[in-house]
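One structure below.
Within every chain, numbering begins at 1; the chains are lettered A, B, ... in the order of the sequence lines, protein sequences first and strands thereafter. Model, not experiment: these values are computed from the prediction.
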There are 4 protein chains.
Amino acid sequence: MDKKQREYKIIESALDMFSRKGFYSTTVAQIAKSIGMSVGHFYNFFPSKNSLAKASITFVTKKLADELHKINELNISSKDKIHMFVLSYLDFLEKNPQMIDYFFKVYLANREMFSQDGDSGFELAKAFIDEIEILINSGIESKEFCKKDFYVSFSCITGILGGITFLNGEGVLNKDVNIYAKELSDSIVKALQ
Amino acid sequence: MDKKQREYKIIESALDMFSRKGFYSTTVAQIAKSIGMSVGHFYNFFPSKNSLAKASITFVTKKLADELHKINELNISSKDKIHMFVLSYLDFLEKNPQMIDYFFKVYLANREMFSQDGDSGFELAKAFIDEIEILINSGIESKEFCKKDFYVSFSCITGILGGITFLNGEGVLNKDVNIYAKELSDSIVKALQ
Amino acid sequence: MDKKQREYKIIESALDMFSRKGFYSTTVAQIAKSIGMSVGHFYNFFPSKNSLAKASITFVTKKLADELHKINELNISSKDKIHMFVLSYLDFLEKNPQMIDYFFKVYLANREMFSQDGDSGFELAKAFIDEIEILINSGIESKEFCKKDFYVSFSCITGILGGITFLNGEGVLNKDVNIYAKELSDSIVKALQ
Amino acid sequence: MDKKQREYKIIESALDMFSRKGFYSTTVAQIAKSIGMSVGHFYNFFPSKNSLAKASITFVTKKLADELHKINELNISSKDKIHMFVLSYLDFLEKNPQMIDYFFKVYLANREMFSQDGDSGFELAKAFIDEIEILINSGIESKEFCKKDFYVSFSCITGILGGITFLNGEGVLNKDVNIYAKELSDSIVKALQ
DNA sequence: CATGAATGAGTGTTCATTCAT
DNA sequence: GATGAATGAACACTCATTCAT
């Protein structure tokens, strides 16, 4: 296993633990142990617990951005893109709840952590945000969506998905979150019109 | 100043500090000091730091619930209610950013904290959630909104507002958040239709 | 026991332990334990292990300075003052070897530690150095000593005493260091002439 | 480069780093890196960081002893030998401050380090001490110096030089330390008389 | 009611040393 | 010979909580 793969393993385990117990309640020792690594060796991969948190954010948003990028490349209507993205997101949420939870738990909660030493957290999530922008603009160009302030449109997509994610985290939703897919994507599309 | 008032003072200061520095980076000593109270005395009001966090959530959602309750009582269309709620929320966000930030920072991030000893965080926010439900149902009854799964409708309202709140926290929005009001409420209304 | 007295107790114990085991090999926990105090409480007295080291230097040099000050005030020849100072120093060395050892071990060895945040170690020992200067100048004025570069004269006094202290630390001297007193003070006086 | 030469290279670099940052603040990894050697390989030369410290002490005192040995061999008065030794020492101090600093910083400060496993530090510096003894005894024989307890005479020479070295380390002396040479050697000679 | 001294378990991080390659 | 990945004990420092006064 090469260094990069080990790094992923650490991130994946961290994502899982951070999302379950929170950033501050997860210790470096626990993370290291969870993948059978010594504390000292952990620090050969990440110079600090904080830097692991940052790398994890980038990792998650990169994954989401990749999914969305594939959809953006397709030659289909923007409405369908939204629909596919919702499906893809819910699927991701079902399979990797810890990644999404991590975003909520660690990123939203500890913004001060990410905004020190220059790079704002916004920066870390840039890849994903850029793809959202592409999606919105293509819809506006094709007249499917109405031109609005970017931040409003951004909120319509990520906010509605964020809402359902929050509820999922609360454990009140039906186990099969896919049943919400159609209503959700319809609502998002309407919101953008 | 009676006991209840003191309690509010603690909550208000905690809200401010938690939202700025996060829950784990704010110490009980700091909170106590900020209102000129001794650490020991603090524990006469709240049995633990955790319980203060819970009381603070209830405090914030109660405030939001009250605002929404007033709007729900009015004899106007649901669409107008949404519009008024958005205005009211943005106003609240502008005047009490720490309260909203608190919700994001502490509640979302530390759900494990709230879900121990029985009461889920959802429980704590019940008053607010109930009012949202009333708002949605009245709209469905008046045929202004389309009947959807409650959780989807809930996500449309709180998610979109949550999205703009997130962006506000990132510091990317125009200082006067009210300029987003109309587009936001229009989007929400459409999403609910 | 008031706060100041507790501080002294910490310093005295630290002086003892630092001088026996060195600064880096003595832990805060050990110091705290040695005086029956918890680690946490230690930090109510000194904000850091480093600051304790600094306070200890000041403590020791202040003691030495006080001794020398008393001698400087006497209406006797400078030669006699040197003699008295040597006696007083050897007595101090015999009764408080840890204080002198501390100076050697921690101060000389970790100058980088003391020179950060502005105050050079030299500054910390100022009281003592000033008294040495007074002693030298009074001897020059009374023509008992020859005028030399201050630093050379300073080295003659403190160096020779330092030398014997070093040897004492090596454990090669006779237990009763006072037997060296006369030869030492004669040598110092001659060196200054 | 043969093994012995590598060893010297390690010692020289260690001397430099230890003297600048102290023994405990210099890591084996840093020393190894500074001479382009791997950590593991370092341990093929020295079985421990401690043993490097010891070898370094021997290295430095051997150098000083060699200088002094040459002077002791000369057919000149003891007074002149002292004078030459002071010049030689100050020159050494100017050119190799790290070596002298090392003695102060590491040896004096961490005597406990050197005195474990039998050999006292005094032992390590034996070659140098022996030469000092020869110098003193030759002066006593030629009646230039007065017979005193060896340790007192030893303190007069090494103490006064130690004093000026301390001040040099404090950065208070004139850059050209040679200007103190005459006064220093005169003082030492007088102290020995 | 009110104080703040006191506790001590717990945290992130470091680093001498080992050893498989 | 030479590497550097890997270990894990150890450390300075923090902070929620308690309790004597």
Side-chain angles (χ1 to χ4, degrees), chain A residues 1-3 6 23-33 35-53 113, chain B residues 1-3 6 23-33 35-53 113, chain C residues 1-3 6 23-33 35-53 113, chain D residues 1-3 6 23-33 35-53 113:
Chain A
M1 204 187 322
D2 72 356
K3 186 151 185 175
R6 293 274 204 142
F23 179 73
Y24 287 101
S25 301
T26 303
T27 70
V28 171
Q30 285 164 353
I31 295 169
K33 197 180 178 186
I35 52 168
M37 179 183 273
S38 70
V39 192
H41 201 29
F42 166 87
Y43 281 90
N44 286 148
F45 294 86
F46 297 95
S48 70
K49 191 186 176 187
N50 247 329
S51 72
L52 169 60
M113 203 174 76
Chain B
M1 207 187 320
D2 73 358
K3 185 152 185 173
R6 293 269 205 150
F23 179 72
Y24 286 100
S25 300
T26 303
T27 71
V28 171
Q30 284 165 354
I31 295 169
K33 195 180 177 186
I35 54 169
M37 178 182 276
S38 72
V39 199
H41 201 28
F42 167 88
Y43 281 87
N44 288 147
F45 293 87
F46 298 95
S48 70
K49 191 186 175 189
N50 255 345
S51 71
L52 169 60
M113 203 172 76
Chain C
M1 204 187 321
D2 73 357
K3 186 153 186 176
R6 292 274 206 144
F23 180 73
Y24 287 101
S25 301
T26 303
T27 70
V28 170
Q30 285 165 353
I31 295 169
K33 196 179 177 187
I35 53 169
M37 178 182 275
S38 69
V39 190
H41 201 29
F42 166 87
Y43 282 90
N44 286 148
F45 294 86
F46 297 95
S48 70
K49 191 186 175 187
N50 248 329
S51 73
L52 169 60
M113 202 173 78
Chain D
M1 208 186 317
D2 73 357
K3 186 153 182 172
R6 293 269 206 150
F23 179 73
Y24 287 100
S25 300
T26 303
T27 71
V28 171
Q30 284 164 354
I31 295 169
K33 195 180 177 186
I35 52 168
M37 178 182 275
S38 72
V39 198
H41 202 28
F42 166 88
Y43 280 87
N44 287 145
F45 293 86
F46 297 95
S48 70
K49 191 187 175 187
N50 254 345
S51 71
L52 169 60
M113 204 172 76

- Write down the partner of F:dT21 under the Watson-Crick or G-U wobble criteria, each distance required to be under 3.5 Å.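 Matched F:dT21 with E:dA2 under the 3.5 Å cut-off.
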- Query: Across all strands shown, which nucleotide pairs with E:dG10 by Watson-Crick or G-U wobble geometry, both distances under 3.5 Å?
  - Reply: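 Result: F:dC13.
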- Query: Which heavy-atom pair separates A:S51 from A:P47 by the least distance, and what is that distance?
  - Reply: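 Taking A:S51 first and A:P47 second, the nearest heavy atoms are OG-CD, 3.2 Å.
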- Item | For B:K49 against B:T26, the heavy-atom pair lying closest together |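 Here B:K49 and B:T26 meet closest at NZ-O, 2.8 Å.
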- Query: D:L52 versus D:I31: any side-chain heavy-atom pair under 4.5 Å?
  - Reply: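 Yes, at least one pair of side-chain atoms sits under 4.5 Å.
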- For nucleotides 13-19 of chain E, read 5' to 3', which letter fits each nucleotide if B means a protein heavy atom sits under 4.0 Å from the base, S means only the sugar-phosphate is that close, and - means neither? BBBSBBB
Distance check needed: [N] [atom2] versus [X] [atom1], whole Å only.
X: A:R6; N: F:dG4; atom1: CZ; atom2: C1'; result: 13 Å
X: C:D2; N: E:dA5; atom1: CG; atom2: P; result: 12 Å
X: D:K33; N: F:dT3; atom1: NZ; atom2: P; result: 14 Å

- Residue mapping more 5' on DNA chain F - nearest nucleotide basis, D:M37 or A:N44: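 Checking each residue's closest nucleotide, the 5'-ward one belongs to D:M37.
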Identify every side-chain donor-acceptor pair in residues 36-45 of chain D under 3.5 Å, counting partners at least two apart or on other chains, and give the distances.
residue: D:S38; atom: OG; partner: D:H41; partner atom: N; Å: 3.1
residue: D:H41; atom: ND1; partner: D:N44; partner atom: OD1; Å: 3.0

